Amino acid sequence: MSHQELSEQELIRRQSLRELEELGIDPYPAAEFQVNTNSAEIIENYNAEAKNYQDICLAGRIMSRRIMGKAAFVELQDQQGRIQVYVNRDEICHGEDKTLYNTVFKKLLDIGDIIGVCGDVFITQTGETSVKAKELKLLSKSLRVLPIVKEKDGQIYDAFTDPELRYRRRYVDLIVNSHVRDIFIKRTRLVNTMRDFLSQRGYLEVETPILQPVYGGAAARPFKTHHNTLDQTLYLRIANELYLKRLIVGGYDGVFEFSKDFRNEGMDRFHNPEFTQIELYVAYKDYFWMMNLVEEMVEKIAMNLHGTTQVQVGEHVIDFKRPWKRFTMYEAIEHFTGIDISEMDEAQLRETAKNLGVTPDETMGKGKLVDEIFGETCEHQLIQPTFITDYPIEMSPLTKKHRSKAGLVERFEAICNGKEICNAYSELNDPIDQRARFEEQLELAKRGDEEAMMLDEDFLRAIEYGMPPTAGIGIGIDRLSMIMTNAPSIQEVLFFPQMKPEKTDLADGDEKFSALGIASEWIPIIRRAGIARLEQLKEAKPGKLHNDICGINKKTNAGLSNPTLDDVKSWIEKL
RNA sequence: GACUCGCUAGCUCAGUAGGUAGAGCACAUGCCUUUUAAGCAUGGGGUCCUGGGUUCGAAUCCCAGGCGGGUCACCA
């Protein structure tokens with residue numbers, strides 16, 4: 001990057017960097033800086049009478065500075081929080097030489113720099129627990145200016161809120177917005193709670209392929225890639241269901257995987273092209289058993305994250321306390337519309353759908369119609385966690401037929417805050433039925449359904465060897481994280497949500513301009529005229545460019561002697 | 001993909017019938033004290049997203065584009 005593109009403040013920081021080096025201070029020292037406490041620990045445990053926390057060391061980033069002559073206050077931020085550091089000239093400079101305070105600390109350090117501090121904890125006159133610095137060491141010089149977010153009495157000033165900047169520069173978001181750091185800590189705690197919960201029950205955490213020759217386990221469009229050596233098309237997995245079931249065939253009684261899945265579909269505040277699910281399969285169980293498990297597990301997550309089963313989500317308080325409400329899909333529809341559709345034929349369903357505001361198209365079969373009616377009339381009204389059970393068979397090609405109700409399968413979803421948070425079923429283990437269901441999917445694909453499932457011959461072979469009756473579930477980690485952290489969008493619970501690439505506008509180096517016979521002192525001026533790359537120069541009108549750069553020379557008092565118009569033309573002609 | 005809103009200093013944001021571009025914080029210089037979104041004084045800092053058009057003149061009006069946000073459609 002050319003220095004011409006740096007802001008004034010960035011130039012000043014680079015200058016400070018040079019001055020530090022001239023003073024013999026390494027702005028990026030290699031040696032370990034030994035820390036023996038942190039901000040939160042001090043604030044929680046310091047006791048003025050006990051005089052504890054003397055001669056402590058901690059490290060962190062400077063978040064604000066208040067300099068008053070020979071004394072100064074610095075807010076230091078470490079992973080745990082912030083603590084004030086009192087820096088007094090004569091406390092950190094023991095001899096006559098006050099350079100460390102007057103020059104290094106006051107002039108050459110900035111907000112954003114990472115420092116290590118050793119000293120004693122005390123309480124200031126205004127009652128704030130602080131560290132009196134006896135030693136101060138620069139650990140990393142920051143060359144970019146952080147957004148300055150200030151806070152007083154819970155009121156936040158100049159908050160760093162622009163979503164584009166926050167997502168593209170998540171590191172800045174994390175530095176400046178402690179509540180954002182907290183969201184991701186909660187997310188990890190959520191995952192760890194699940195992992196512990198399932199591991200303690202003896203289920204095995206496993207890993208299965210992300211690159212799959214045949215994708216399956218869900219209705220979705222995949223990402224496609226290619227393996228050179230095999231000269232073979234591979235897909236990024238859209239689900240890991242079929243591999244985990246193979247492991248159940250292989251004899252494990254319970255397997256689960258936290259899996260990054262990829263779906264080549266739209267993006268919005270509930271969808272990212274890559275997302276995380278946990279899938280769990282347990283042999284000899286059915287979907288009723290699985291409902292009890294998920295209830296218990298999610299209740300425990302709420303307790304671990306919030307200390308209560310009640311969680312504020314938007315304007316609602318959601319209570320995850322067991323037991324959750326249970327409805328069959330037909331019951332839910334009847335509950336919210338007063339209409340019993342359980343005995344209707346396709347024509348009646350179509351008519352009912354129209355009356356309820358669904359616009360059915362001709363391709364929709366009975367199952368799809370029921371699903372649409374449910375989505376339109378029920379789903380968004382289900383705020384408290386609710387199980388919806390017994391789905392139409394058409395929508396569920398991997399699910400066992402209902403033990404007693406024709407046309408339905410043994411499947412449930414848990415709906416919470418109007419959105420599905422998990423999807424589970426008694427797994428289909430009848431290989432003959434499974435083959436027939438795949439063949440129905442192939443028919444759908446022929447009719448143009450891009451989300452229809454592929455026929456996975458090896459998976460069929462596996463269950464032909466015999467798979468025990470099995471209960472399976474998938475839980476969207478991102479969606480559940482949104483609920484558990486009261487996040488309004490999936491981007492808020494992903495460190496690096498997918499975004500269009502940032503415009504880079506890569507500038508060409510000085511040497512490329514020099515090669516055209518342009519004197520080095522004119523290169524920055526040409527850049528300033530908006531020409532960063534040779535291709536831009538190529539398209540520039542010589543008259544205008546000549547005019548522009550002479551103007552800039554004059555305006556900035558650069559004092560250069562102007563090139564002639566012919567000079568400018570000759571640069572452009574060489575391209 | 002459709003509709004809609006936004007893009008101005010490092011950050012948060014004002015602004016103008018179209019006429020030299022503003023504030024606060026941050027930055028620089030100075031004063032000063034165990035201070036509290038510190039204070040006072042002075043100063044520097046901007047291709048007002050990009051490109052085209054209208055105009056004597058565009059950051060402002062018009063058109064196109066880029067990138068984001070929101071809503072809707074598909075989907076977890």
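Labels below follow one simple rule: chain letters A, B, ... track the order of the sequence lines, proteins then strands, and each chain is numbered from 1. Remember, it's a predicted structure, so these values are computed and weren't measured experimentally.
Every residue two or more places apart in sequence or in another chain was checked for a side-chain hydrogen bond (donor to acceptor under 3.5 Å, both in side chains) with Glu135(A), and none qualifies. Evaluation of the ring-ring contact (aromatic ring centres under 6.0 Å, His included) rule for Phe412(A) yields Phe387(A) as partners, not counting sequence neighbours. Residues passing the ring-ring contact (aromatic ring centres under 6.0 Å, His included) test with Phe122(A), sequence neighbours excluded: Tyr86(A). Shown here are the side-chain hydrogen bond (donor to acceptor under 3.5 Å, both in side chains) partners of Thr188(A), two or more places apart in sequence or in another chain: there are none. Take Arg237(A) and apply the side-chain hydrogen bond (donor to acceptor under 3.5 Å, both in side chains) test, not counting sequence neighbours, and it matches Thr208(A), Glu257(A), Asp261(A). Scored by the side-chain hydrogen bond (donor to acceptor under 3.5 Å, both in side chains) test, Glu19(A) finds Gln15(A) as partners (sequence neighbours excluded). Residues passing the ring-ring contact (aromatic ring centres under 6.0 Å, His included) test with Phe327(A), sequence neighbours excluded: His335(A). With sequence neighbours excluded, no residue satisfies ring-ring contact (aromatic ring centres under 6.0 Å, His included) with Phe258(A).
If you check C67(B), U34(B), C11(B) against the side chain of Lys500(A), the one that comes closest is C67(B).
Mapping Lys368(A) and Ile111(A) onto RNA chain B by nearest heavy atom places Ile111(A) at the nucleotide closer to the 5' end. Each of Tyr167(A) and Asp268(A) has a nearest nucleotide on RNA chain B; the 5'-most of these lies closest to Tyr167(A).
Contact annotation: Arg269(A) side-chain N/O to G70(B) OP1/OP2 distance is not under 4.0 Å.
Residue Ala218(A) is classed as having no contact, given no heavy-atom separation below 4.0 Å to the nucleic acid. As judged by a 4.0 angstrom heavy-atom cut-off over every strand, Gln277(A) is placed among residues making no nucleic acid contact. As judged by a 4.0 angstrom heavy-atom cut-off over every strand, Phe262(A) is placed among residues making no nucleic acid contact. Contacts of Gly69(A) with the nucleic acid, taken as non-hydrogen atoms under 4.0 Å apart, include base atoms. Within the 4.0 angstrom heavy-atom criterion, no nucleotide atom of any strand lies near Asn264(A).
Atom-to-atom, CD1 of Ile12(A) to C1' of G44(B) comes out at 8 Å; the value is rounded to the nearest Å. The nearest whole Å value for the distance from the CZ atom in Arg168(A) to the P atom in G69(B) is 9 Å. As a whole-Å value, the separation of Asp158(A) CG from C27(B) P is 13 Å. Remark: C1' of G10(B) and CD1 of Ile148(A) are 8 Å apart, rounded to the nearest angstrom. What separates OH of Tyr171(A) from C1' of G10(B) is a distance of 14 Å, to the nearest Å. A straight line from CZ of Arg13(A) to C1' of C27(B) spans 9 Å, rounded to a whole angstrom. The interatomic distance linking Gln498(A) (CD) with C67(B) (P) rounds to 13 Å, in whole Å. As a whole-Å value, the separation of Leu6(A) CG from A9(B) C1' is 15 Å.
The base of U35(B) lies close enough to the side chain of Thr124(A) for a donor and an acceptor atom to sit less than 3.5 Å apart. A donor and an acceptor atom never sit less than 3.5 Å apart when one is taken from the side chain of Gln125(A) and the other from the base of U35(B). Judged by distance alone with a 3.5 Å cut-off, no donor-acceptor contact links the side chain of Asp162(A) to the base of C13(B).
Figure legend. A17(B) is base-paired to no nucleotide; pairs are counted as Watson-Crick or G-U wobble with both atom distances under 3.5 Å. Base pairing annotation: A59(B) forms no Watson-Crick or G-U wobble pair, as no partner gives both donor-acceptor distances under 3.5 Å. Partner assigned to U34(B) is none, using Watson-Crick or G-U wobble distances below 3.5 angstrom. Under the Watson-Crick or G-U wobble criterion, with both distances below 3.5 Å, G70(B) is paired with C3(B). Pairing of U47(B), defined by two Watson-Crick or G-U wobble distances under 3.5 Å, is not identified with any nucleotide. Across all strands shown, the partner of A28(B) is U42(B), judged by Watson-Crick or G-U wobble contacts whose two distances both fall under 3.5 Å. If you check U54(B) for Watson-Crick or wobble pairing at under 3.5 angstrom, you find it has no partner at all.
Across the C1' atoms, A59(B) and A2(B) are found 30 Å apart, a figure rounded to whole Å. A gap of 26 Å separates the P atoms of U20(B) and C25(B), to the nearest Å. Spacing between A28(B) and A38(B) at atom P, rounded to whole Å, works out to 16 Å. Here the separation of C3(B) from A9(B), taken at their P atoms, is 29 Å to the nearest Å. For the P atoms, the distance from U36(B) to G46(B) is 34 Å, rounded to whole Å. Look at the C1' atom in both G45(B) and G65(B): the space between them is 30 Å, to the nearest Å. Look at the P atom in both U60(B) and G51(B): the space between them is 11 Å, to the nearest Å. U16(B) and U55(B): their P atoms are spaced 25 Å apart (whole Å).
Classification of Asp78(A) and Arg61(A) as a salt-bridged pair fails, no side-chain N sitting under 4.0 Å from a carboxylate O. Salt-bridge formation is not detected for the pair Arg181(A)/Asp173(A): no Lys NZ or Arg NE/NH1/NH2 atom is positioned less than 4.0 Å from an Asp or Glu carboxylate oxygen. For the pair Glu241(A) and Lys245(A), the salt-bridge criterion is met [side-chain N within less than 4.0 Å of a carboxylate O]. Using a 4.0 Å cut-off between a side-chain N of Lys or Arg and a carboxylate O of Asp or Glu, Lys260(A) and Glu274(A) qualify as a salt bridge. A salt bridge links Glu372(A) with Lys368(A): at least one charged nitrogen is closer than 4.0 Å to a carboxylate oxygen.
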For nucleotides 1-7 of chain B, 5' to 3', base contacts (B), sugar-phosphate-only contacts (S) and non-contacts (-) with protein non-hydrogen atoms under 4.0 Å give -------
Side-chain donor/acceptor pairs under 3.5 Å, residues 484-494 of chain A, sequence neighbours excluded:
from      : atom 1 : to        : atom 2 : distance (Å)
Thr485(A) : OG1    : Ser481(A) : O      : 2.7
Asn486(A) : OD1    : Gly314(A) : N      : 2.7
Ser489(A) : OG     : Gln491(A) : OE1    : 3.4
Gln491(A) : NE2    : Asp268(A) : O      : 3.3
Glu492(A) : OE1    : Arg166(A) : NH2    : 2.8
Glu492(A) : OE2    : Arg166(A) : NH1    : 3.0
Glu492(A) : OE2    : Arg166(A) : NH2    : 3.4
Glu492(A) : OE2    : Tyr167(A) : OH     : 2.9

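Judged purely by distance below 3.5 Å, without hydrogens or angles, the side chains of Ser396(A) and Arg411(A) pair a donor atom with an acceptor atom.
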All N/O contacts under 3.5 Å from nucleotides 41-43 of chain B to the protein, with atom names and distances to one decimal?
none

What protein N or O atoms touch nucleotides 38-40 of chain B N or O atoms at under 3.5 angstrom, if any, and at what distances?
from   : atom 1 : to        : atom 2 : distance (Å)
A38(B) : OP1    : Lys150(A) : NZ     : 2.9
A38(B) : OP2    : Arg66(A)  : NH1    : 3.0
A38(B) : N6     : Ile67(A)  : O      : 3.3

